[in-house]
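Numbered from 1 within each chain, the chains take letters A, B, ... in sequence-line order.
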Amino acid sequence: MLKRTHNCGQLRIEDAGKDIILSGWVDSYRDHGNLVFIDLRDREGITQLVFNPETQPQMHKLSRQLRCEWVIAASGKVRHRGEGLVNPKLPTGEIEVLIDKLEILNSAETPPFELDNAEDVAEETRLKYRYIDLRRPRMQDILRVRHKVTKVTRDFFDSRGFWEIETPFLGKSTPEGARDFLVPSRLCSGNFYALPQSPQLFKQVLMVSGVDKYFQIVRCFRDEDPRADRQAEFTQIDVEMSFVESDDVISVHEQLVAKIWKEILGVDVKLPLRRMTYKQAMDDYGIDRPDLRFDMKLKDISALAGASEFKVFADTIQKGGIVKGLCAVGGGAKFSRSDIEKTFTKVVTDFGAKGLAWFKVVKNEQGDIDLSSNLVKFFTPEQRKAIIEKFSANVNDLILLVADKEAAANKALAPLRLKVGRDLGLIDDKAYELLWVIDFPLFEWNENEKRYDSLHHPFTAPVPEDIAKLDTDPANIRSQAYDIIVNGSEIGGGSVRIHQPEIQAKVFDLLKITKQQAQDRFGFFLQALKFGAPPHGGIAFGLDRLVMFLTGTDNIRDVIAFPKTQKGQCLLTDAPSGVEPAQLDELNLRVQTHH
RNA sequence: GGGGCCGUAGCUCAAUUGGCUAGAGCAUCGGACUGUCGAUCCGAAGGUUGAGGGUUCGAGCCCCUUCGGCCUCGCCA
């Protein structure tokens, strides 16, 4: 076999005259009867090969058999293409290789889709023939970036004294959090392992073990419905550190993020990153992961709205709700009433709001700035003026308002803000706005279950000043949790953990986890805390989402070599599948079908 | 579990109100061609309209069932 001396993206004008060997896939062929041109492709690029019937008649004849995606090796001499023949689209476009020997290593069936057009091909087809899809330069770029991110990450942590340690995949199922993937045990019949949702407790145990600084690039599993940015099987960069406070963890990891941005994108990220409290994020953006690429802050006009004659507003305030909204600069001129009532109203109702109130900001008959909509009759001129002032609105702006309980209003307004921002063209696709969101509440009240839920997870430590509130005012305890946000998407989050068993016990108490339940689920961990657990904290990044940002895709399946569909199926291998009865027998399992 | 979009040739799409032999581009195959690079030109072949059932003189189109893909709400400590 001819062994390659170079790759297909490597040769330049300086290499002219060299005898070289390339191997790869036939990307395209152009047969002129006389000359035959082959674009040869490997993961590094494309190089043009030329077959000339006058210099090498046998090889020329052989080359005419070549078809797309055949695998070949060929030797020849690099030469300049000559005036007017350079292809500026290719990095290797100044040269070509005049072939003296061609070796066909393998033929190929006609591919089910053309690599050039794959962006338009149904994803179903791409997934079924994933090996062909992954040959495309775009997909290989993504694989390369993903590799580089993990490489940068490993080097970063290694240089700072972190150890990469593996934790079990076969673990213990707990009812908290997401649904577990279960694995039946053969040796302990009737019992099940769970695949990890994250290595949370193991990494904390490693801190008790004196490992001090741990990281792992680790697969995690959550048996919930996928989304465009969510896959049941995903990868975390998981970290834990001993003898640290929030600032220590934040500082190390913003350096990691800056390093990744620099190495992959060549972008300098200014450190330290800005920080925003959870409360400010919720007040101004209605969400704990604000997209700061555009301004358009939300404003609460409850005081004004409650005094109006508009029954929906007055009733909402009466019942303890709020009226909150945003001002779309220029939106009054840009959006029609039908845009507002169809598109924008649909956004908020999709997210649970009952409706959307709107005002266009106009000049009235007296030539003064005023509001216009089907609702103005319920508002006095003074109230209208106050609303305009509250939003610092100008003529041609559009004010959109939602009335509901605070959480519900925010829930609807955050996506509305994004939609309006996009429609107004306020979002710069090339910008990266990174920040930390801090000071999360430790708990949120669960009305259905009449108890508190952890906002982060049950091992998150309260801020020291708030510890006393565990007994008196749990709702207002701040936690030592932090999320890192890029362009409105959470790429990582973590916390300082509870390392004292007494505080952990109190938290379980508020979560209505009984001593017995705590013992059954986390007994090993509670015991570990009693044997000299150092103060510790950590973080986990979503590697898939990170790579999505770095490669500019909004589809998580693009950044996973072998992803699954929305039903969790692998179209390449057809997993999951039925199993032999004998396999079930060994596990003492029986499959029940029901409707 | 709910809502939405989609499924026609290998790929991407078209087909008027239910009406002739379901078309086009690309790919494929054959031929031509002295420098192409999305080569070009000539020709050919290619269909269980996702599957099953129904209405009708007649269904790609209407109805029912079902399978699959994507987006999304719920869910994702």
Task: Side chain A:R227 and base B:G74 donor-acceptor under 3.5 Å - done: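 Check passes, donor-acceptor contact within cut-off.
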
TODO: Answer yes or no: side-chain N or O of A:Q569 and base N or O of B:G68 forming a donor-acceptor pair under 3.5 Å.
DONE: no

TODO: Please check if any side-chain donor atom of A:Q48 sits under 3.5 Å from a side-chain acceptor atom of A:T92, or the reverse.
DONE: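 No donor-acceptor contact under 3.5 Å links the two side chains.
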
TODO: Decide, applying a 5.5 Å centre-distance limit and a 30° plane-angle limit (both strict), whether A:F37 stacks on B:U36.
DONE: yes

Open item on the list: According to a cutoff of under 5.5 Å between the ring centres and under 30° between the ring planes, does A:H32 stack with the base of B:G35?
Closed with: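 A:H32 vs B:G35: stacking no.
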
Rounding to an integer number of angstrom, what distance separates [N] and [M] when you compare their [atom1] atoms?
{"N": "B:U55", "M": "B:C61", "atom1": "C1'", "value": "14 Å"}
{"N": "B:G60", "M": "B:A44", "atom1": "C1'", "value": "26 Å"}
{"N": "B:C67", "M": "B:G25", "atom1": "P", "value": "38 Å"}

- [ ] Would you indicate which nucleotide in B:C26, B:A77, B:G35 comes nearest to any side-chain atom of A:Q48?
- [x]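 Ranking B:C26, B:A77, B:G35 by closest atom to the A:Q48 side chain puts B:G35 first.
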
May I ask you to say what [X] touches in the nucleic acid, namely base, sugar-phosphate or nothing, with a heavy-atom cut-off under 4.0 Å?
{"X": "A:R81", "value": "base"}
{"X": "A:Q566", "value": "base"}
{"X": "A:K411", "value": "sugar-phosphate"}
{"X": "A:R79", "value": "base"}

Open item on the list: When both hydrogen-bonding distances must be under 3.5 Å and the geometry is Watson-Crick or G-U wobble, what is B:A24 paired with, if anything?
Closed with: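 The answer is B:U12, by the H-bond criterion.
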
Task: For A:F541, the option from A:Q236, A:H253, A:E490 that meets side chain to side chain contact (heavy atoms under 4.5 Å, CB included) - done: A:H253

TODO: Mind listing the closest non-hydrogen atom pair of A:K411 and A:F351 along with its distance?
DONE: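 Here A:K411 and A:F351 meet closest at O-CB, 3.8 Å.
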
